[in-house]
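Quick notes on the structure that follows.
Just so it is clear: chains get the letters A, B, ... in the order the sequence lines come, proteins before strands, and each one is counted from 1. Not measured: the values here are computed from a predicted model.
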Amino acid sequence: RIEKYLNNVKYVMSNIDADLDMCPVCGDTVSGYHYGLLTCESCKGFFKRTVQNNKSYTCSESQDCRIDKTQRKRCPFCRFQKCLRVGMRLEAVRADRMRGGRNRFGPMYKRHRALKQQKNALLQSHGLKAEYTPDLISPPTRTPFNFTNININTTPSDTITSDLHTQTHSGYSFYQNEPRHESPQYYHVSPLGALYSPVHAMAVIGDCSGIPGIPQAQCSGSFSAQGPALPHLLVEFLRCELDELQVRSKIIGRLEQMQGEGGSGGYGATHMYLMVDQMLFYIVEWARGSVFFKELKVSDQMKLLHHCWCELLVLDMVSRQLQHGRQGSLVLVTGQEVDLPALVSPAGPLLRTLVQKGQDLVESFRKLQVDRNEVVCFKFLILFNTDVKHVENQSFVENVKEQVHRALLEYTLCAYPQFLDKFDKLLLCWSDLCALSTLAEEYLCSKDICGEVPCNNLLNELLHAKHHSM
DNA sequence: GTAGCCTTGAGA
DNA sequence: TCTCAAGGCTAC
């Protein structure tokens, strides 16, 4: 009886939880999970009718009509586009119209519920209110959405998918790699099906991907323009950031000065090492002025910096490529762009690997839509590394690391509710970053041993400090 | 055509 | 047995 009572409570709570949500399409009350995400009853019905009957709509305006509860009937074209954009799944509409039962979204819904509860508990524990501003997610872009301008990397299973208006009853099983006869239910699939396939769409709530540089935070979820701001700690971290343009102009000035002094001519390897040295100078300056870090004893500060300078350097490079970089080129702190093939072709195997792995990491970051706030958290996670030995105030470092973890988790859950596992994936990226940093340090050490790294500078000192401590 | 309520049925 | 996300029905 107790178990039944608890189950009832759980059921009622989950309904209350759903009731508190608003449909990401029109803002009406959510009635449950429908076709991949929490929506209202009317959008569920609308989506079903559209897909089942191969409806084709046109928009009399400019294909960016506002869709809310009162106006959702006005433009079915824009309503359907919004359904797709927020993540409703064409594949979840059954081509065989079989009733009842379950589909493979079940575990996803379950996982989403659990994470939602976790998120709410986390927000409550931080005194934040989980609020939802549904129509802020629409439209994420003014670009008209159509079937032809989507560039998808097709997978083998996509090759038999088809256009919604021609072959929606292709009979292709949603259960990938299963022949039709093995599955009791068949699903509508179109090229969009691939776009919203489990591979691409962790989306169970609104999607603001596609707006470069603008996180979901500014579109929907718990952090709205008016709602609770970023986690307090993150705001503190952002305050510690150095002004990028100022740093750039100072570094350019310093390099020009050194060039004038005859220290380095042109833009060869020496120039690069001097630039790295300058980057390190500002990394140290950032750390020394940063919250928490400045509270540590200088000896502890040095130990932490000696351990992580290269990771911070790599993160700085990667985040710059993320922000300004283009395919096939490397953007330097000075704003100059270096052609990667030209850089790599005369290079040795170590530098080639380094460049390749760097590009891979940038790509991973890009795919994950890593934003500036997450990079800032990363910097503190790197700085407060609990693996560093002989730190006097170890408990302080551990405590800060834990706080940064929490802030990052809180931020990703609230700013990117459609990427519920973003935090985990960020941590995986972090380990890739550490591996890349090890490689970079190895490269710099080899160059230092060859005498290519200019002496008496910070880069030199940090390279030596690491060696001496080992 | 819309949307609220009903029925169904696989899976927990 | 219960749950809940599918499809169905029907008043509007």
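In this structure, Leu37(A) places its CG atom 11 Å from P of dA5(C), rounding to the nearest Å. Remark: P of dC6(B) and CZ of Arg99(A) are 13 Å apart, rounded to the nearest angstrom. When rounded to the nearest whole Å, the span between NZ of Lys110(A) and C1' of dT3(C) equals 12 Å. Straight-line distance from the CZ atom of Arg89(A) to the P atom of dG7(C): 15 Å, rounded to whole Å. Rounding to whole angstrom units, CZ of residue Arg94(A) and P of dA6(C) are separated by 7 Å. For the pair Arg74(A) CZ and dG1(B) C1', the interatomic distance rounds to 16 Å; values are reported in whole Å. Whole-Å rounding puts the Met98(A) CE to dG9(B) P distance at 7 Å.
Between Trp286(A) and Phe380(A), the distance separating the two ring centers is shorter than 6.0 angstrom.
When distances are taken from the side chain of Gln52(A) to each of dG7(C), dA6(C), dG1(B), the shortest belongs to dG7(C).
Under the salt bridge (charged side-chain N to carboxylate O under 4.0 Å, His left out) criterion, no residue pair touches residues 353-365 of chain A, with sequence neighbours excluded.
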Are any protein N/O atoms closer than 3.5 Å to N/O atoms in nucleotides 2-4 of chain B? If there are, list each pair with its distance.
unit_1 : atom_1 : unit_2   : atom_2 : d
dT2(B) : OP2    : Arg49(A) : NE     : 3.4
dT2(B) : OP2    : Arg49(A) : NH2    : 3.2
dT2(B) : O5'    : Arg49(A) : NH2    : 3.4
dA3(B) : OP1    : Arg72(A) : NE     : 2.8
dA3(B) : OP1    : Arg72(A) : NH2    : 3.3
dA3(B) : OP2    : Arg79(A) : NH1    : 3.0
dA3(B) : OP2    : Arg79(A) : NH2    : 3.1
dA3(B) : N7     : Arg49(A) : NH1    : 2.9

With a cut-off of 3.5 Å and sequence neighbours excluded, list every side-chain donor-acceptor pair involving residues 310-319 of chain A.
unit_1    : atom_1 : unit_2    : atom_2 : d
Asp316(A) : OD2    : Arg320(A) : NH1    : 3.3
Asp316(A) : OD2    : Arg320(A) : NH2    : 2.7
Ser319(A) : OG     : Leu315(A) : O      : 3.0
Ser319(A) : OG     : Asp316(A) : O      : 3.1

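Remark: Glu442(A) engages no residue in a side-chain hydrogen bond (donor to acceptor under 3.5 Å, both in side chains) (not counting sequence neighbours). Residues satisfying the ring pair (Phe, Tyr, Trp, His ring centres under 6.0 Å) criterion with Phe384(A), sequence neighbours excluded, are absent altogether. Considering only residues two or more places apart in sequence or on other chains, Asn399(A) meets the side-chain hydrogen bond (donor to acceptor under 3.5 Å, both in side chains) condition with Gln403(A).
Going from atom CZ of Phe423(A) over to atom CD of Glu410(A) covers 11.5 Å, rounded to the nearest 0.5 Å.
Note on Tyr109(A): a side-chain N or O is less than 4.0 Å away from OP1 or OP2 of dA6(C). Checking the phosphate oxygens (OP1, OP2) of dG7(C), a side-chain nitrogen or oxygen of Tyr35(A) falls inside 4.0 Å.
Residue-to-nucleotide contacts include a donor-acceptor pair under 3.5 Å from the side chain of Lys44(A) to the base of dG7(C).
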